[in-house]
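Scroll down for the structure; my scribbles are underneath it.
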Amino acid sequence: MMPPSRPLALTLGDPAGIGPQLAAEAWRRLRHSGEGTFFWLGDPHLVEAAVPVTLIETPEEAGAVFADSLPILPVLCEADVIPGQPDPRNAAATISSIRLAVEYALAARAGGVVTNPIAKHVLATAGFPYPGHTEFLAALCGMTGEEIMMLVSPQLRVVPVTVHVSLRKALETLTTDRIVSIAETAYTALKRDFGIETPRLAIAGLNPHAGEQGLMGEEEITIIRPAIERLRARGIDCQGPFPPDTMFSATARPNYDSAICMYHDQALIPLKTLDMAEGVNVTLGLPIIRTSPDHGTAFDIAGPVTETCRADVSSLLAAIRLADGMSAYREGKRS
């Protein structure tokens, strides 16, 4: 396999969180690995005491210096950064970092975007109008409403049909059309970005025992099964609806490539239980690759960037490696 020719864009995240620590540690781990070349869109003052840095002006410069220093395309913070104490005055840097990363990816100058954790309440205080990363990314890509969440770990891939809404709201918004649309997007991504020639989808039921033929709920009959029938008619290999309490077992997981789940916790509880450390958030439905570690800013353990990283870098490393592999598939350099 040849490595992708374009480096990944790693964003700043909240500068008072663990993002700077993770960026430095990820570079230490990957610098000689031949995988996951990236540049950091961040403030060099946050890391330069702990790792060698090279300030770059364009993404194209990152590859030549990555083995010897962390390539940084500077995005400067307005206020002094105190680890563990987020400051809304630095929200502009966080937002600018995301915006630039997306611009480079859309222009095919970055192989994908890997986002460090942000603090939504800090950005909201500064007037940020989006609920979070994903909605902002979709808006920047001109794909508002098309964004879909996939969570990936070495043992499981899951896609929730409804995401950040109450369980009551999830039930109200669950439709056959929505299941079909999301399953089709997941199927396309598994082929294009994961190299799976014929993806197999497992469709979860909603109710206990997948409704028990209507005795415990009729959504499987009225909403979910019609979606499966339409997907099969379009040539998509999908099975279900499966009882959610058994479909994530060790014997069931090898039978599918991704589980399509009806609501947020139905998808995320099994994935995080199986592998919290290496879970990766992937945004599907966009023209660019976007991955993110599946954890937050961890202000409670944030500190100055030193030669020893207190934070667990496993999820960010997994996000970088996954984006690297997805980029290789898109560029036709992996088979």
Side-chain angles (χ1 to χ4, degrees), residues 4-13 36 38-39 41 59 94-118 120 123 128-152 157-165 177-196 199 201 257-258 260-261 264 267-268 279-294 315-316 318-334:
S5 58
R6 294 171 292 167
L8 302 170
L10 175 63
T11 65
L12 170 64
F38 67 88
F39 61 95
L41 290 146
T94 298
I95 295 166
S96 178
S97 176
I98 300 167
R99 188 185 301 277
L100 285 170
V102 171
E103 288 177 2
Y104 286 129
L106 286 172
R109 300 178 69 187
V113 176
V114 181
T115 55
N116 260 318
I118 59 174
K120 300 177 181 65
L123 297 185
F128 186 66
Y130 300 95
H133 257 137
T134 304
E135 294 81 3
F136 184 38
L137 290 161
L140 292 173
C141 292
M143 303 292 288
T144 297
E146 301 298 317
E147 66 276 13
I148 294 171
M149 175 193 292
M150 172 184 276
L151 276 295
V152 177
R157 301 182 190 93
V158 293
V159 179
V161 174
T162 61
V163 188
H164 294 135
V165 295
D177 287 346
R178 184 167 178 81
I179 295 170
V180 169
S181 175
I182 286 175
E184 285 183 324
T185 298
Y187 182 85
T188 299
L190 289 167
K191 293 185 68 172
R192 180 185 61 182
D193 299 332
F194 292 83
I196 302 172
L201 303 180
D257 299 300
S258 181
I260 308 299
C261 303
H264 181 278
L268 272 65
V280 177
N281 187 339
V282 182
T283 303
L284 309 180
L286 304 181
I288 63 171
I289 292 166
R290 182 267 177 142
T291 66
S292 176
D294 192 26
S315 187
L316 179 60
I320 291 171
R321 287 172 173 141
L322 180 59
D324 190 53
M326 294 171 70
S327 179
Y329 279 120
R330 284 203 185 186
E331 292 189 29
K333 295 182 177 181
R334 185 170 183 172

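The model shown is predicted, which means the values in this text are computed figures rather than measured ones. Start at 1 with the first residue, then count along the sequence.
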Expected output: side-chain Arg157 to main-chain Asp257 donor-acceptor under 3.5 Å: yes
Non-hydrogen side-chain atoms of Ile320 and Phe38 separated by less than 4.5 Å: yes
Ring geometry between Tyr104 and Phe39 (parallel below 30°, tilted from 30 to 60°, perpendicular above 60°): perpendicular
Backbone of Ser181 reached by a side-chain donor or acceptor of Glu184 within 3.5 Å: no
Ala110 to Arg6 - nearest heavy-atom pair and separation: O-NH1, 3.8 Å
Parallel, tilted or perpendicular: ring planes of Phe136 versus Phe128, cut at 30 and 60 degrees: perpendicular
Distance, nearest 0.5 Å, that separates CD1 of Ile288 from CG of Leu137: 6.0 Å
Heavy-atom side-chain proximity of Thr134 to Met149 below 4.5 angstrom: no
Spacing of NE2 belonging to His164 relative to CD belonging to Glu135, to within rounding of 0.5 Å: 8.0 Å
Closest contact, heavy atoms only, Tyr329 versus Arg192: CB-O, 3.4 Å
Minimum side-chain heavy-atom gap Lys191-Pro199 below 4.5 Å: yes
Side-chain heavy atoms of Thr94 within contact of Leu12, under 4.5 Å: yes
Atom of Ile289, atom of Met326 and distance for their closest heavy-atom approach: CD1-C, 3.6 Å
Validation row: Leu286, Glu146 side chains within 4.5 angstrom (heavy atoms): no
Separation between CG of Asn116 and OG of Ser292, rounded to the nearest 0.5 Å: 7.5 Å
Leu41 to Ala101 - nearest heavy-atom pair and separation: CD1-CB, 3.5 Å
Where Ser258 and Leu190 come nearest, the two heavy atoms and their spacing: CB-CD1, 3.8 Å
Distance, nearest 0.5 Å, that separates CG of Leu8 from OG1 of Thr291: 7.5 Å
Leu151 vs Val280, side-chain contact (heavy atoms from CB on, under 4.5 Å): CA-CA, chis, key distance, verdict: CA-CA 6 Å; Leu151 276 295; Val280 177; over 6 Å; no
Thr11 side chain to Ser97 side chain, donor-acceptor N/O pair below 3.5 angstrom: no
Sub-4.5 Å side-chain heavy-atom contact between Leu10 and Leu316: yes
Student check: side-chain heavy atoms of His133 and Thr283 closer than 4.5 Å: no
Closest contact, heavy atoms only, Ser315 versus Pro293: OG-CA, 3.1 Å
Euclidean distance, Tyr187 OH relative to Ile260 CD1, rounded to 0.5 Å: 12.5 Å
From CD1 (Ile179) to CG (Leu201), nearest 0.5 Å: 12.0 Å
Donor + acceptor pair across side chains of Arg178, Thr162 (<3.5 Å): no
